Number of protein chains: 2
Amino acid sequence: MQQTTGRGNQTYHHGDLRAALLEAAAQRIESQGVDALSLRKLADDVGVSRSALYHHFRDKNALLNAVAARGFEQWIAVSKARANSPDMTPEQRLGQFVHGYIHWSASNPQLYDLMFGRPIWKTGQADDQLKEIAYPAFQFMLNKITQWQQEGIIGQSMPALRQTQVIWATLHGLARLIIDGVYADSEHIDDMCDCTVAMLLKRD
Amino acid sequence: MQQTTGRGNQTYHHGDLRAALLEAAAQRIESQGVDALSLRKLADDVGVSRSALYHHFRDKNALLNAVAARGFEQWIAVSKARANSPDMTPEQRLGQFVHGYIHWSASNPQLYDLMFGRPIWKTGQADDQLKEIAYPAFQFMLNKITQWQQEGIIGQSMPALRQTQVIWATLHGLARLIIDGVYADSEHIDDMCDCTVAMLLKRD
DNA sequence: GCTTATAATTTGACACTGTCAAGATTAACA
DNA sequence: TGTTAATCTTGACAGTGTCAAATTATAAGC
């Protein structure tokens, strides 16, 4: 039941079907949403038969997990790159992080939905590989916010863990409201980000 | 193509199939989630044939809209009842509102997901009836937060609309993190709520 | 009370979905 | 070159939402 041939040698019939499926799936998800992803149409896109997919992924959920994992890798890379701005005040860095977080989620709405949405996590359908990639993202978030707390630019009266949960909830909630188009138009993203920063910073 | 017989006289073959379907659907959604709702199994529950449903709802999405509408009615009722606590300081009322919001969403996770989730709003599948019931909920939220601003217990430097969007995002995000089980265990709901209140209030 | 019109419900059917078992094809390796 | 093992295809099954036509039960008119 080992579904992958390892990691290096991926040149079989198709060449690299696994990667092709992942790419096509990510593309279709981003353009039409997770629910609109059909394995059969996906196979058509790649030019392969219906159930060829099952030699590379256990089932549909495993494919979604892999796409989400790719998303986390990208998310972490972008976040870390954004964090390396040496000549900035801590307040500016916080501001840049907020804007960056929201803009990334608004630019990849369907992927964000897949990564942080209910289906994968709540129903316990996240496999071990995804968890291994996702938890560093959570850790990154925790470190970031703990750092702000230590720099004294956000409130310090609450435990770092709670503070992290609430601040992340704020970012996550704003991202979702914008993505879902619920009472938050995407034209005023920067305004809402600025307001968020003002609320997070100690003195408004 | 008038799909309902009005509103008063609902005594036909089944008695009131529309209400029975709504009730059974709401129950199944809350126990197993929106994605697990099958129209055929739903018909079995009510003891009726597959496509009897189509004489009361245009399609599956219309049924989901109706369930969501019921949810908004309930949400508004609970929220308004919670707001009528005369012998309380404004700060206490804010605290009670936060705890109430989170607890309601945690007690009705699947319904909350249906009401404020992506599928209905983002994809423009919300019909007019749902919009008519949902927007008062948004208005209620706006009034609430504007009131806090006027009472001076939260920041006033930002426009009320932006402040409302960000504060609601905070509540919404916290609710989702708890519901989805993403990095927020449901055992510490009250702690997280307290932390949220501390962040919202002017001085921490 | 009987007939007629109308609404409610059922049955049959269609296209679509994810998934599996068995067979065919092709690459890797001795 | 012959064997093995991986990859891919075809056929099939149960399940889904939805529609058209046929059937049944209710309400209205005389």
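As the structure is a computational prediction, the values presented were derived from the model and not from experiment. We name chains A, B, ... by the order of the sequence lines, and we start the count at 1 in each one.
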Think A:His56 has a side-chain N or O under 4.0 angstrom from the OP1 or OP2 of D:dC8?
yes
Hey, does the side chain of B:Ser38 reach the backbone of B:Lys41 with a donor-acceptor pair shorter than 3.5 angstrom?
yes
For [X], which residues count as a side-chain hydrogen bond (donor to acceptor under 3.5 Å, both in side chains) partner, sequence neighbours excluded?
| X | result |
| --- | --- |
| A:Asn108 | none |
| A:Glu23 | A:Arg70 |
| A:Asp59 | none |
| A:Asp185 | A:His188 |

Whole-Å distance separating the [atom1] atom of [X] from the [atom2] atom of [N]:
| X | N | atom1 | atom2 | result |
| --- | --- | --- | --- | --- |
| A:Leu64 | C:dT17 | CG | P | 15 Å |
| A:Asp35 | C:dT17 | CG | P | 13 Å |
| A:Leu17 | D:dA6 | CG | P | 16 Å |
| A:Phe57 | C:dC20 | CZ | P | 15 Å |

Walk along nucleotides 13-23 of chain D from 5' to 3' and tag each nucleotide B, S or - by protein heavy-atom contact under 4.0 Å, base first, then sugar-phosphate.
---BBBBB---
Tell me every residue that passes side chain to side chain contact (heavy atoms under 4.5 Å, CB included) with B:Ala36, counting only those two or more places apart in sequence or in another chain.
B:Gln32
